[in-house]
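Values below: every heavy atom of this structure, side chains too, minus hydrogens, waters and symmetry copies. We number each residue from 1, following the sequence as shown. Both counts, for ligands and for their atoms, begin at 1 and track the order of listing.
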Amino acid sequence: MKEWLIIGGGIQGITLACYLKETLKVHAKQLTIIDPHKKPLTMWKHCTENVGMNYLRSPSIHHLEPQAFGLEAFIKKQKIKKEDAFVRPYDRPLLSLFNQHSDKLVEKFEIESSWVEDRVCGLSKTSFGWNVQLKSGKEMTSKRVVIAIGLGEHPLWPEWATDLKEKGAEVHHVFEESFLTNTTFNKSIVIGGGISAVQVALKISQQSTEKVHLATRHPLRTKQFDSHPGWLGPKYMRAFIKEESIEKRRDKIKQARNRGSIPIELRAKIRRFEGEGRVHSFVSELNTSHFDGELVHLTFKDGTVWSGKQIILATGFHSTAPGMDWLNQTINSRHLQCHTCGYPILDDHSLKWDDQLFVMGALAELSLGPVARNISGARRGAEKIIRAAY
Ligand SMILES: Cc1cc2nc3c(=O)[nH]c(=O)nc-3n(C[C@H](O)[C@H](O)[C@H](O)COP(=O)(O)OP(=O)(O)OC[C@H]3O[C@@H](n4cnc5c(N)ncnc54)[C@H](O)[C@@H]3O)c2cc1C
């Protein structure tokens with residue numbers, strides 16, 4: 001029987017694996033990570049590359065290993081100048097170097113020898129720990145289980161876009177695994193008003209034969225981070241944890257998230273591209289959509305009419321709790337607590353949901369606050385789980 005089994009090998013699951021290896025010296029044989037992809041961090045690499053992100057939005061101390069300055073030390077060791085690795089403000093790392101550092105950790109901690117390419121579809125309690133049922137029909141047992149599944153597999157599709165796709169129009173979501181943006185585009189429109197929408201519009205405009213359109217529902221909002229840095233520490237988290245009403249915590253998370261916002265330098269870049277005639281952005285809500293068999297025709301409430309070939313959605317992820325298709329049975333049989341929004345109610349200190357069952361990442365946001373889904377949330381989650389386990 002394994003000591004630890006992590007469901008999901010994204011940023012969250014791999015951060016925990018690094019912490020287990022470094023802090024608790026957990027042996028590869030005592031750890032299993034189950035994920036349907038061939039390699040760790042597949043969704044992270046796909047999403048960030050597909051939007052054309054060059055630098056992370058988060059600062060250099062947010063990475064996957066326990067030592068706060070691990071990424072800086074890695075860059076120093078490679079003799080890369082700091083100014084070539086990080087961008088101001090807040091020393092945000094180049095995505096390629098962040099990924100190299102993450103790959104190095106995967107190699108150093110032999111994470112792939114704990115990797116099982118499969119999908120969890122059931123979880124049941126036994127007298128010694130947990131039994132995990134896999135899509136392949138196999139079963140695995142472990143003393144402890146950590147659910148770290150994230151939202152990566154749940155891109156949000158507006159209903160009108162699904163309808164158009166069903167009628168044969170070329171509609172993609174930038175986070176769809178089968179859709180790659182490193183190709184040539186023509187007559188395209190990007191739908192969305194956040195950082196991913198702006199990044200992808202910039203990316204495809206460099207590969208497009210024609211001007212790329214960007215439709216946003218609101219004027220571009222500038223915010224450096226996706227939530228106030230006060231959420232990274234006790235400044236805001238102390239009051240959040242003291243709040244006993246889960247409903248109020250949910251409201252606080254909603255208010256704290258700078259949804260649909262972009263850092264100021266990205267706004268400057270999109271304005272430059274607009275000035276050069278490569279991008280045309282406008283603010284309006286969709287009114288009607290129609291596919292004539294060759295072109296898609298969209299009309300917007302401000303009177304804008306767009307006809308073209310490709311619609312690229314950058315409309316983010318579903319806000320509903322992921323994994324409930326297979327977790328519901330465990331929730332019912334073990335009487336696990338969930339809020340009305342569907343998200344687990346955990347022990348705030350340990351992220352425990354049941355005996356030796358832990359949750360991190362998006363599903364732990366009612367305990368970890370608005371940064372739960374981010375790299376800093378992964379670090380906070382890993383620290384809590386490790387502290388609680390011994
Ligand atoms: C474009 C983009 C840029 C971002 N930039 C930053 C940034 O700069 N800084 C920052 O802090 N955060 C950033 N984030 C937010 C966050 O860090 C990422 O979304 C991150 O990928 C979340 O990691 P995760 O492990 O929760 O989810 P995922 O990356 O989705 O990984 C979860 C894994 O679990 C697997 N899985 C799901 N269900 C099952 C199952 N039943 N059985 C087994 N495996 C399963 C999935 O297939 C997937 O591989 C960014 C997000 C995006 C989309």
Original post:
If you measure from each heavy atom of H62 to ligand 1, is any distance below 4.0 Å?
Top reply: no
**OP:** Around atom 33 (C) of ligand 1, find the nearest protein heavy atom and jot down its residue, atom name and distance.
**Re:** D35 OD2, 3.4 Å
**OP:** Give yes if a backbone or side-chain nitrogen or oxygen of D118 is under 3.5 Å from a nitrogen or oxygen of ligand 1, and no if not.
**Re:** no
Original post:
Considering only the protein, which heavy-atom contact is closest to atom 17 (O) of ligand 1, and what is its distance?
Top reply: R373 O, 3.5 Å
Subject >> Identity and distance of the protein heavy atom lying nearest atom 28 (P) of ligand 1 >> reply: M43 CB, 4.1 Å
Original post:
Given the rule that I, L, V, M, F, W and Y join up when any side-chain heavy atoms are under 4.5 Å apart, are I11 and L232 in one cluster?
Top reply: yes
Subject >> Verify atom 19 (O) of ligand 1: protein non-hydrogen atom under 4.0 angstrom away >> reply: no
**OP:** Say whether V51, considering both its backbone and side-chain N or O atoms, lies within less than 3.5 Å of an N or O atom on ligand 1.
**Re:** no
Original post:
Under 3.5 Å, is there a donor-acceptor pair between the E170 and S188 side chains?
Top reply: no
Subject >> Test of proximity, C47 against ligand 1: N or O pairs below 3.5 Å >> reply: no
Original post:
Ion pair present between E276 and R272, side-chain N to carboxylate O less than 4.0 angstrom?
Top reply: yes
Original post:
Among F317, F175, W44, F98, whose heavy atom sits nearest atom 6 (C) of ligand 1?
Top reply: W44
Subject >> Modelled atom types, side-chain donor and acceptor of H27 and E3, under 3.5 Å >> reply: no
Original post:
What protein heavy atom sits nearest atom 3 (C) of ligand 1, and how far off is it?
Top reply: M53 SD, 3.6 Å
Subject >> Ligand-side contact atoms (ligand 1) for residue partner R57, heavy atom cut-off under 4.0 Å >> reply: 7 (C), 8 (O)
Original post:
Any salt bridge between E274 and R271, counting N to O under 4.0 Å?
Top reply: yes
Subject >> Protein contact to atom 32 (C) of ligand 1 [nearest heavy atom, distance to 0.1 Å] >> reply: I149 O, 3.1 Å
Original post:
Between the candidates G316, S58, A314, which shows the shortest non-hydrogen contact distance to atom 10 (C) of ligand 1?
Top reply: S58
Original post:
Are F282 and W306 an aromatic pair by the rule of ring centers under 6.0 Å?
Top reply: no
**OP:** Output the list of atoms in ligand 1 that are nearer than 4.0 Å to some heavy atom of W326, sorted by atom number.
**Re:** 41 (N)
Subject >> For atom 12 (N) of ligand 1, the protein heavy atom that lies nearest, with its residue and separation >> reply: N374 OD1, 3.7 Å
Subject >> Protein contact of atom 34 (O) of ligand 1 - nearest heavy atom, named by residue and atom, plus distance >> reply: G8 CA, 3.3 Å
Subject >> Close N or O approach (I11, ligand 1; < 3.5 Å) >> reply: yes
Original post:
Strictly by modelled atom types, are S376 and N374 linked by a side-chain donor-acceptor pair under 3.5 Å?
Top reply: no
Original post:
With sequence neighbours left out, which residue pairs that include part of residues 311-326 fulfil the side chain to side chain donor-acceptor pair (under 3.5 Å) condition?
Top reply: H173-T315
Original post:
Of all residues at least two apart in sequence or in a different chain, which pass the ring-ring contact (aromatic ring centres under 6.0 Å, His included) check with F128?
Top reply: none
Subject >> ligand 1 atoms in contact with G152 (distance to a heavy atom under 4.0 Å) >> reply: 30 (O)
Original post:
Can an N or O of T48 be found at a distance shorter than 3.5 Å from an N or O of ligand 1?
Top reply: no
Original post:
According to the interplanar angle, ranging from 0 to 90°, do the rings of F317 and F175 count as parallel (below 30°), tilted (30 to 60°) or perpendicular (above 60°)?
Top reply: parallel
Subject >> E65 with K104: basic N within carboxylate O range, under 4.0 Å >> reply: no
Subject >> atom 37 (C) of ligand 1 touched by protein heavy atom at under 4.0 Å >> reply: yes
Original post:
So, E365 and R257, do they make that salt bridge, N to O below 4.0 Å?
Top reply: yes
Subject >> SB check K125 D355 (cutoff 4.0 Å) >> reply: yes
Original post:
Among P36, G10, G150, whose heavy atom sits nearest atom 44 (N) of ligand 1?
Top reply: P36
Original post:
Does any N/O atom on H37 come nearer than 3.5 Å to any N/O atom on ligand 1?
Top reply: yes
**OP:** Under 4.0 Å from a heavy atom of L56: give me the atoms of ligand 1 that qualify, with their elements.
**Re:** 8 (O)
Original post:
Salt-bridged, K45 to D103, with N to O below 4.0 Å?
Top reply: yes
Original post:
Got the closest protein heavy atom to atom 42 (N) of ligand 1, with its distance?
Top reply: V120 N, 3.0 Å
